[in-house]
Amino acid sequence: MAQHDQGLEGVAAGRQGHQGPPGAPIADGPTLATTPGDGRMGAHRSGQQPGQLVPERCDEARRAAQDLVVGHLQSVSQHRAHRRPPSGTYHRRDPDRRPESDGPYRPPAAWDVRACRGSGPGRPVPATYNRVMTDIRVRIAPSPTGPLHIGTARTALFNFLFARHVGGTFVLRLEDTDRARSSIAYEKEIVDGLHWLGLRWDEGPDIAGGPDRGAYGPYRQMQRLGLYKGAARRLLEADLAYPCYCTPAELDAERRRQETAHLQPRYSGRCAHLTPAERAAFEAEGRRPAIRFRIEAGPVAFDDLIRGRVEIDAANLGGDLVIVRADGTPLYHFTVVVDDAAMRISHVIRGEDHLSNTPKHILLFRALGQPVPLFAHLPLILNPDRTKMSKRKSQTAIGDYIAQGFIREGLDNYLALLGWSSGSEEEVLSLDELVERFDLAAVNRAGAIFDRERLEWLNGQWIRRLAPDELVERLGPFLEAERIAGRIDRVPSDVELRVLMPIVQERLPLLGAIGDLVGFLFVDELRYEPALLVPKRWDRATALAGLAAARAVIADVGRVSYEADELEPPLRRLAGERGWKAGDLFMAIRVALTGRTATPPLFDTMVALGHGRTLARLDRAVALLGDAA
RNA sequence: GCCCCCAUCGUCUAGAGGCCUAGGACGCCACCCUUUCAAGGUGGAGACCAGGGGUUCGAAUCCCCUUGGGGGCACCA
């Protein structure tokens, strides 16, 4: 019992109570609950569950954390004052829990109070997140079984924003126990992707395949096998888990039978009470056992930081849970708990798809005698049809967005706004600004459809905000790609490119659109439909005359100098003299020079093209129109 | 099937009982600017706050029910 109490205190009060060296965690700890009644279900019967955040516990936790941080609070700016009344005037909506007669409202610790939010109506959280150094630890734990998914990136971002906001530690852990599907190539893609997003972690592998950094390593699960083995053995010794000899085929058949009978799929518990003799018989058969964790019926509750109190009966968890495969490798629900405990993770911030799995994890934490972290389940990112975002229906790989020319600033900004809002009407926010304003309690509960239009807009906003030199640098790979694809004949130098920035920057929604925008400058020979040379109000003869006359004017201007300012007046004069609309003349010239009807401003384009090439393209257009006659 | 979560313009959202004849942004439409395209500016259409009951002097907001949507129920993560 004491272990659990200590554990709770440890979580709630910033884990002040945690003893022992990092990395010497649960497998050797004296903390393993030794009887089922103590470590697991017994508490339900007494009505007061150790290690569980019941409201009374929350208050305790809050008080403890208040004491811890109250000294720092005075110096901290109330940057959220615009959203919530300043301390002292704040009214809780639940009068039982915070009577007004309690005196002036004292802001609680940044995070512990959220554990209580489910216990009152509404969203009772005052949320003054203050920059108090704590040992708040969060992690992102991707599995290198595929490219970096947009949902993983968003979860990573939220963990990062939270950690940075509260001065906590952000950990990267690779969950690579699915050996069949994991690969170093995916590991690289994920690590690189997270780096690209600008999310820096304090602990974890820095480069794919590379060494770890941090006191709680290793940070790849396949290098932590001994830890899981030890934890599993202790669970077995305490009879909180048992060997299961059912084969996958048998289990499959069982599940099918249940489904046809309209029962909920659940493990029957066939191997739960085997005698030593029966086990020996299976072993003699050559069967290798998996290890199952006992799950007994009874409510398991937790206070989700985003959703409030969630209570699920363990009877609905599908029966005893396999934690170690027959081949000895551990399974996700087990490793995640063992590692979160060993790495002293204080807040588990993850997708809502894990909400129903959380009771399993809580039971495992308790069985291992470990403090239960706080949970925050983020709303899912959705396909347009409101199902969970998937590869089939949406573009999910961050790499694809990078390849199209979305930039880090735009993607971070967009992803942060998917499920969270700052509460102000400012929406274009840098990573630093996001960190400054981020608030877990302000995260939405409903899923959000991924809206590419909005992402593109935000991306354009950020491209416009980039320093021109920076934009030039980022454009490099995209121009190279254009060349490789044969859409341009040469890649311009940075100096050439830099000159173009004033006309390019505000016209670029994506870096990948650069070829479309100014590719005509870097091709040797333009290919276009000659009919395009004839503006709507003109006929072919007029176009021919217009281009020839313009050619003469431009040739003349170029003799002295060749500047945008000096090109426009004589060409307008020409149009006036001939009775043409200037726009029509300009359009004919535009197509002759670029092959397109939508381009950057014409005179800047002419300068960028250079005098000689401008004349040559005009000549060619005239020839083209002549031929067509 | 069982369990859990969710519900404000097409989309992302603001909203913390009276500041709401519901605000902002994307997208859409119109106009201004203008050599095209963008960008920018101005204006507009667009949400009886899923429906129904309560509580209250007063409900988008609190409670209940219904409906709808989603997620989870693996020797995947």
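Note that this is a predicted model, so its numbers are computed, not measured. Protein chains get the first letters and strands the later ones, always in sequence-line order, with residue 1 at the start of each.
Taking the side chain of Ala326(A) as heavy atoms from C-beta on, and the options rC75(B), rA77(B), rA14(B), the nearest nucleotide is rC75(B). Comparing rC12(B), rG71(B), rA77(B) by their nearest atom to the side chain of Lys388(A) picks out rG71(B). Among the nucleotides rC6(B), rU13(B), rC26(B), the one closest to any side-chain atom of Arg307(A) is rC6(B). In this structure, of rC4(B), rU35(B), rC76(B), it is rC76(B) that holds the atom nearest to the side chain of Leu331(A). For Asp353(A), the side-chain atoms get nearest to rG72(B) when compared with the rest of rG24(B), rG72(B), rC6(B). Residue Phe603(A) places its side chain closer to rU35(B) than to any other of rU35(B), rC12(B), rG27(B). Side chain of Arg386(A), nearest nucleotide from rA77(B), rC12(B), rU35(B): rC12(B). Taking only side-chain atoms of Asn444(A), from C-beta outward, the nucleotide of rA77(B), rU13(B), rG27(B) with the closest atom is rU13(B). Picking from rC5(B), rC3(B), rC75(B) the nucleotide with the shortest atom distance to the side chain of Asn316(A) gives rC3(B). Among the nucleotides rC73(B), rG40(B), rU35(B), the one closest to any side-chain atom of Pro265(A) is rC73(B).
One P atom belongs to rA60(B), the other to rC9(B), and the distance between them is 15 Å to the nearest Å. With C1' as the reference atom, rU42(B) and rC5(B) are 43 Å apart, rounded to whole Å. Comparing the C1' positions of rC33(B) and rG43(B) gives a spacing of 15 Å, expressed to the nearest Å. Rounded to whole Å, the C1' atom of rC73(B) lies 35 Å from the corresponding atom of rG54(B). Nucleotides rC49(B) and rG23(B) have their P atoms positioned 13 Å apart, rounded to a whole Å. Taking the P atom of each, rA50(B) and rG40(B) are spaced 33 Å apart, rounded to whole Å. Taking atom P on both nucleotides, rC75(B) is separated from rG70(B) by 26 Å, rounded to a whole Å. Here, rU8(B) and rG68(B) have their C1' atoms 16 Å apart, quoted to the whole Å.
When the P atom of rC75(B) is taken as reference, atom CG of Asp320(A) falls 12 Å away, rounded to whole Å. Following rounding to the nearest Å, Phe375(A) (CZ) and rC5(B) (C1') show an atom-to-atom distance of 16 Å. Nucleotide rC5(B) holds its C1' atom 12 Å from the CG atom of Leu382(A), rounded to whole Å. Computed from coordinates, the Ile449(A) CD1 to rG27(B) P distance equals 17 Å when rounded to whole Å. For the pair Phe293(A) CZ and rC73(B) P, the interatomic distance rounds to 17 Å; values are reported in whole Å. We find that CD of Glu425(A) is positioned 12 Å from P of rC26(B), with the value rounded to whole Å. A straight line from OH of Tyr528(A) to P of rU36(B) spans 20 Å, rounded to a whole angstrom.
Applying the 4.0 Å criterion to OP1 and OP2 of rU35(B), one finds that Arg572(A) has a side-chain N or O inside that range. At least one side-chain nitrogen or oxygen of Arg325(A) sits closer than 4.0 Å to the OP1 or OP2 atom of rC76(B). One finds a side-chain N or O of Ser421(A) lying less than 4.0 angstrom from the OP1 or OP2 phosphate oxygen of rA14(B). Distances shown here put every side-chain N or O of Thr329(A) at or beyond 4.0 Å from the OP1 or OP2 atom of rC75(B). Taking side-chain N and O atoms only, Gln505(A) has no distance below 4.0 Å to OP1 or OP2 of rG40(B).
Across all strands shown, Thr599(A) has heavy atoms under 4.0 Å from base atoms, whether or not it also approaches the sugar-phosphate. Residue Arg464(A) is classed as a sugar-phosphate contact, given heavy-atom separations below 4.0 Å to backbone atoms only. Within 4.0 Å (heavy atoms only), His333(A) reaches at least one base atom of the nucleic acid. At a threshold of 4.0 angstrom between heavy atoms, the contacts of Pro384(A) with the nucleic acid are absent. Phe450(A) comes within contact range of no nucleotide atom at all, as no heavy-atom separation falls under 4.0 Å. Note on Ala448(A): only backbone sugar-phosphate atoms sit closer than 4.0 angstrom, heavy atoms only; bases stay farther off. Ser143(A) comes within 4.0 angstrom of sugar-phosphate atoms only, judged by non-hydrogen atoms across all strands, and of no base. Looking at heavy-atom distances under 4.0 Å, Leu355(A) makes contact with sugar-phosphate atoms alone, never a base. Counting non-hydrogen atoms under 4.0 angstrom, Gly419(A) reaches the backbone sugars and phosphates but no base. Contact annotation for Glu456(A): no contact, since no heavy-atom pair falls under 4.0 Å across all strands. Among the atoms of the strands shown, base atoms are found under 4.0 Å from some heavy atom of Thr247(A). Among the atoms of the strands shown, base atoms are found under 4.0 Å from some heavy atom of Leu251(A). Nucleic acid contact for Arg255(A): sugar-phosphate only, since backbone atoms but no base atoms lie under 4.0 Å from a heavy atom of the residue. Using a 4.0 Å heavy-atom criterion, one finds that Glu427(A) contacts the bases of the nucleic acid, with or without backbone contacts as well.
Side-chain contact annotation: Tyr332(A) with Asn357(A), donor-acceptor N/O pair under 3.5 Å absent. There is no side-chain donor-acceptor pair under 3.5 Å between Thr594(A) and Arg590(A). Under the 3.5 Å distance criterion, with hydrogens and angles disregarded, a donor-acceptor pair is assigned to the side chains of Tyr245(A) and Glu283(A). If you check the side chains of Thr335(A) and Asp339(A), you find no donor sitting under 3.5 Å from an acceptor.
Taking 3.5 Å as the limit, the base of rG70(B) and the side chain of Thr387(A) contain no donor-acceptor pair of atoms between them. Applying the 3.5 Å distance criterion, the base of rA25(B) shares a donor-acceptor pair with the side chain of Arg454(A). Counting distance only, with no hydrogens placed and no angle test, the side-chain atoms of Arg507(A) and the base atoms of rC37(B) include a donor-acceptor pair under 3.5 Å.
Considering every non-hydrogen atom in both Ser143(A) and Ile190(A), the closest pair reads O-CD1, 3.6 Å.
Between Phe586(A) and Phe603(A), the ring planes are perpendicular. Angles over 60° get that label, and only those under 30° would be called parallel. Below 30°, between 30° and 60°, or above 60°: for Tyr414(A) and Phe450(A) the angle between ring planes is above 60°, a perpendicular geometry.
Geometrically, Arg465(A) engages Trp462(A) in a cation-pi contact, judged by NZ or CZ lying under 6.0 Å from the ring centre and within 45° of the ring axis.
Looking only at side-chain heavy atoms (C-beta outward), Pro468(A) and Pro502(A) stay at 4.5 Å or farther from each other.
With a cut-off of 3.5 Å on both pairing distances, the Watson-Crick or G-U wobble partner of rA50(B) is rU66(B). Across all strands shown, nothing is found opposite rC20(B) as a Watson-Crick or G-U wobble partner with both distances under 3.5 Å. Using N1 to N3 plus N6-O4 or O6-N4 for Watson-Crick, or N1-O2 and O6-N3 for G-U wobble, each under 3.5 Å, rU55(B) pairs with nothing.
Of the possible donor and acceptor atoms, none in the side chain of Arg139(A) sits under 3.5 Å from a partner among the backbone N and O of Ile345(A).
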